[in-house]
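Reckoned from all heavy atoms, side chains included, excluding hydrogens, waters and symmetry mates. Chain naming here is simple, since letters A, B, ... match the order of the sequence lines and numbering starts at 1 in each. In this text the structure is predicted, and so the values were computed from the model without any measurement.
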Amino acid sequence: MTDVDKVRGKLPETDAEIETFLRDAFEENYETLKLEGGQALTPYAREMAFEQVLKYWQKLREIAEKVTDTEVKLTLPEQTTAQGRKYAIEGIVDIVREDERTIMYDIKTHDADYVRANKELYDKQLNVYAYIWQSLRGQPLDETAIIATAFPNTLREAMGRKDERLIEREMERWNPLVEIPLEQRNVAETIDEFGAVVDLIEDKVFAPPPVSRLQEKVSGTGSIFARQVCRNCDARYSCTSYRNYAAVASGSRIEFKFSQFFGDLGSDAERTERIAVNLEFAPPPESVDDVAP
Amino acid sequence: MDTSLVIDNNMPNITIEDLWAEVDFNPNISQRAAILHTDGPLFLTAGPGSGKTRVLLWRTVNLIVFREIKPEEIFLSTFTEKAAHQLKEGLRALLGLVTNHNGRPYDISKMYVGTVHSLCQKMIADRRLSEDRRRSAAPVLLDELSQYFHFYHPRQFQSLMESAEIPDVESINAFFGDLYQGQGSASRHQAVMNCISLFNRFSEECLDCTEADLRTNDEMLKRLLKMYGAYLQSLAPPGKPAQVDFSLLQQKAFEVLERFNGSGHVFRHVIIDEYQDTNAIQEKIFFKLADGHQNLCVVGDDDQALYRFRGATVENFVQFPQRVEQHWERQPTKIPLSINYRSRKAIVDFYTAFIERCDWCHEDGGGHYRIVDKNINAHSTDDRLSVVASTQADSSDACAEIARLVRQLIDDGKVQDPNQIAFLYPSLTSALVQRMKTALEQVDLLVYAPRAGRFLEVEEAVAVFGLYLMIFGKPKKGDFSSRGYDEFHAWMDNCLETAKAILKRDKQFARYVSERQAEIETVLSDYQALLSVVEKNGWQLADVYDIDKMKRKLFDAPGLSAAAKKTISSSYFDNVVKRRIEEGNPFTLNYVLTSATSLDWSVLDLFYRFCGFDHFKQMFDLAEKGKDEGPVANLAMITQYLARFMDEYSPVLTAGFLTDEKFKRSFFASYTYALFRRGETENEDADQPFPKGRIPFLTIHQSKGLEFPVVVLGNPSKRDRGPQFAEKTIRPLIDREGEPLERTSEFDIMRMFYVALSRAKNLLVIAHPKGRGISRPHTHIAAALDATFPRIPNLDLEIIPAAKPEDDDSPRNYSYTGDYLLFQKCPRQYMIFRKYGFVEASSQTQVFGSLVHKTIEDLHHLLIAHRERARVNQ
């Protein structure tokens, strides 16, 4: 397929047409993904995902309109781990070529504050990508940046309240673009670290991080790992580290407050929002006749 | 880091031989010919273990690198998504190697690699395949389970029957020979399964209903043809997007090809793997696609054809030269890949002799129903003993003898892990399977049998569903009785007993469960309390919610719980209500009642909390240490079924849903019952790699395409039940010369055992049990197992080579974000969601990310198209 192939005959042009186009493409992609992976999203998560696409378009329109190569797959083949396993590194980027300048964007569904606070992590990644692009592919490159599509909490809250003025203000304040300095240092070390992880995965070493790590602050978030990462993980209840963290946090070593630990279903606003969206898009059957005996 | 990656633009051109040398590949003469062949139709017959996949891989590399064929001009269809995935990974690795030499990047993301179904979907949306470069709207695809539910819905099924004047379910089942006490069975499930199997066959044969109707005098068949027509109509309801099932998807794609004049020129090379298992509509598609360049390469082995029951016609392969002649008036190049690199010599000799024991000659003596000149030979020269049978004995003794041998093989280091020994069975429901499992357990060996019997009967599923039954209550058993229905209720009882036993051992767990029961009671009584307020005030549920008038009264409902009061009084909720009024889309009173009395959790939320209790937590602990993956793999599967339920019905548990047994009837009596009755046979593709530490028990169908250092054919017998029903029904309705109907089942059984026998690398063991209730081995196996045949006691383990560690030498691709960063964040999270595919209840990051990215990609494509247009217009 060439680049225009994905688009129907008459191109949607107005903002309203483009939004409709996005909605259609989104639904179609969802159906395809569901089929390929067999996994469905709850209506709530689905709407959240769509909002990220829409707000990306609204906020970063200028960049989006300049993208020349989209979802470019980068591969660093023929790598070998310390234990002798062969593997390849893959990544996907978007490219803007404009007036002799080439910029590489990595779109992530992460939040920008987190990216800024953990820049080192992202530096490494984009430098590996830049290495593949420049050295392996022999392509020019002038800049790299991350586009972080997840919303900052303030914007999310405004959206939850559906307060248009507040949303507009928060959209203004939101800066999803994080520039990453282009410097090909540490590429070799990063690849070695990557290889070490490959060995761990293949050796099936999957223990969670220790409790001490859970108690550490995650930079850029103002909260600790347990709140930032674990609380968003459905598997935390069965996780030894998280349980130990919870036990320590509740002041008791062995017995901890069960109802508190298991009753954690997010903030009131999140709960209300989740139920509202789910009810709107996928209400339960109303009549007994609709459920087969 | 490998410094050779640094580019040198002055590097001389490389040849394919250089690349072979670099990866240490030494193709034999036929492999070489097959790889380098580029012109015209190619008929590749590939015996077991003949390096077929590698040939396909290199053939594609040759086309892309040395023949300058664009990846998007190649159409390569595989039998499974997994095979497609492996092929793509392999291609990326080899093409990456080429890039290292010549600096040219190769992007295969637009290449057509996948199962026929996924490629059909792609074709329908491909602008290259339409006259005005418009994309056809893609139909919504119903997978097998959705297709099943499409029929199963009581109203739907009733209306389908009515439109065909079929009086009842019984008459359908009677037609298919499913009888209960001499009458057609009353099971709707059975009728649905019967209709689906026949209708899919109709679709795959592109049956013309009007013509078919003229060809039969059978009243019931005529009605079923009508019902099929009604089914097709039901898939395209007015005003809604059209739906297709898997079989119709292919028809739809074929229509797209037929409509467009240039469809034969879009792909320069069409390569079809596992061609022996393709069906009629697929053959039409492939010949159409290759019509322009005639570069149609088919690869397969008629002796390994397994899927007649899904409409596959092995004749597509056996008669490929004639079909090419018919279409294009020429002959394909025929290259046999006949050297087996997999197995020791005696194994190859054994299965080769086996397949030839059957008479494959045409009745008129002219030719064979099989490609006979394949001349399969082992590459191995090790002709020492490698095929043995168990001592002919009573079945439990035979199992015990095999179990001891397996134990010995593991202890002597003949395999690196128990998962290198596979037990293969024609069906996993036979009593022999259970006996063998017990015998292995007696020598402390664990079995992994993902599809043995029903998935819902694995321990983990029994425990989880038992807990749901505890919390929501068991649906009442109706008066009516049938084997399936009774079994299902017995299963639910067993689940409940299991759950009770678990809760008895874990007080906190018991408390957790009773709290949930109480929560359900609360929302139900809240609902009633609110309803009486509505009634007392003479409101209607459909009334618009008026905060000033209604809020206080609802809040004061007698006996209303604190939780419901909180929702009703929350200022957040008030804001939403006001906004909806402003938007002109106000909430109804019913909505307010519903949301105030909905549970905060879904069945999936509940599942993850169950996992926090010791009974389940231990399973995660084992997997974290890489010790036993079986239980978590099963738990992951359960999350997929739960997510499916939420998707088919609703993720929200409202009080309304919980009243009148609606939820119980949906979740247990309908959804779970359907899963239970369907069994798991629909999914034939085995998950791989098999869990460490366990011995895989597979159906022979599941073992297709796999190989193992040691294979035990656990049951060498298979009753010949004659031709399949759908096959018998369809034959008179279509014109096709094929294998004689009465011989199809005999041939199919031969092929099935051939597949089983050819999976072994170092040692093949054939169980030879006898005794009451044990069927005799298949005639042609029995013929081999005579008095002189070596038995297990004759086997000297010394001469069996030790298996190499998982000799999967293909490099794996790891994503920086999806693998590396995720693992770095939390290895356990990586394992659960990425490796085992648990479905997330709340955050759902995996699908979420892909969905956002794919849609942004579409947006970029659109914007790029805008610019292109603008440029052209200038």
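There is no side-chain donor-acceptor pair under 3.5 Å between A:Gln79 and B:Tyr814. In this model, a donor atom of one side chain and an acceptor atom of the other lie less than 3.5 Å apart for B:Thr817 and A:Gln125. Donor-acceptor pairing under 3.5 Å is recorded for the side chains of B:Arg828 and A:Ser238.
Proximity to chain A (any heavy atom under 4.5 Å) is shown, for B:Lys627, by neither the backbone nor the side chain. Interface remark: A:Asp163 contributes no atoms to any contact with chain B (heavy atom separation under 4.5 Å). With a threshold of 4.5 angstrom between heavy atoms, A:Gln52 approaches chain B through side-chain atoms but not through N, CA, C or O. Proximity to chain A (any heavy atom under 4.5 Å) is shown, for B:Ala674, by neither the backbone nor the side chain. For A:Tyr129, the part lying near chain B is the side chain, with the backbone staying farther off; criterion is any non-hydrogen pair under 4.5 Å. Residue contact with chain B, scored on non-hydrogen atoms closer than 4.5 Å, involves the backbone and the side chain of A:Cys239 alike. For A:Arg213, the part lying near chain B is the side chain, with the backbone staying farther off; criterion is any non-hydrogen pair under 4.5 Å. Using a 4.5 Å cut-off between heavy atoms, A:Val128 contacts chain B through its side chain alone, with no backbone atom that close. Only the side chain of A:Thr149 comes within contact range of chain B, with heavy atoms under 4.5 Å apart. Residue contact with chain B, scored on non-hydrogen atoms closer than 4.5 Å, involves the backbone and the side chain of A:Val67 alike. In this structure, the portion of A:Phe225 lying under 4.5 Å from any heavy atom of chain B is its side chain and not its backbone. At a 4.5 Å heavy-atom cutoff, the contact between B:Phe573 and chain A is made by side-chain atoms alone. Looking at A:Glu193, both its backbone and its side chain come within 4.5 Å of chain B, counting heavy atoms on both sides.
Between A:Tyr237 and B:Phe613, the distance from one ring center to the other does not fall under 6.0 angstrom. Close placement of the A:Tyr56 and B:His860 rings is indicated, their centers lying within 6.0 Å of each other.
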*Just do the side-chain contact (heavy atoms from CB on, under 4.5 Å) check on A:Thr190 and B:Tyr816 with the steps written out, would you?*
CA-CA 11 Å; A:Thr190 308; B:Tyr816 202 105; 3.2 Å; yes

*Check the pair B:Thr654 / A:Leu279 against side-chain contact (heavy atoms from CB on, under 4.5 Å), numbers first and verdict last.*
CA-CA 9 Å; B:Thr654 63; A:Leu279 278 179; 3.8 Å; yes

*What do the steps show when you test B:His853 against A:Ile92 for side-chain contact (heavy atoms from CB on, under 4.5 Å), and what is the final call?*
CA-CA 10 Å; B:His853 278 113; A:Ile92 291 175; over 6 Å; no

*Show your reasoning for whether side-chain contact (heavy atoms from CB on, under 4.5 Å) applies to B:Lys625 and A:Phe206.*
CA-CA 6 Å; B:Lys625 294 175 190 122; A:Phe206 295 120; over 6 Å; no

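Counting only distance, with no hydrogens or angles, the side chain of A:Arg236 and the backbone of B:Tyr608 share no donor-acceptor pair below 3.5 Å. Between the B:Arg92 side chain and the A:Ala88 main chain, no donor and acceptor come within less than 3.5 Å of each other.
Within the 4.5 Å cutoff, no side-chain heavy atoms of A:Glu71 are placed close to those of B:Asp858.
In this structure, CD on A:Glu90 lies 4.0 Å from CG on B:Asn813, to the nearest 0.5 angstrom. Taken to the nearest 0.5 Å, the OG1 atom of B:Thr855 stands 4.0 Å off from the CG atom of A:Asn29.
Between chain A and the residues B:Phe607, B:Phe823, B:Phe620, B:Tyr830, the most heavy-atom pairs under 4.5 angstrom are made by B:Phe823. Here B:Leu859 is the residue among B:Asp819, B:Asn575, B:Leu859 with the most heavy-atom pairs under 4.5 Å with chain A.
Taking a cutoff of 4.0 Å between a charged side-chain nitrogen and a carboxylate oxygen, A:Lys204 and B:Glu629 qualify as a salt bridge.
The two residues B:Leu863 and A:Ala64 come nearest to each other via the heavy atoms CD1-O, 3.4 Å.
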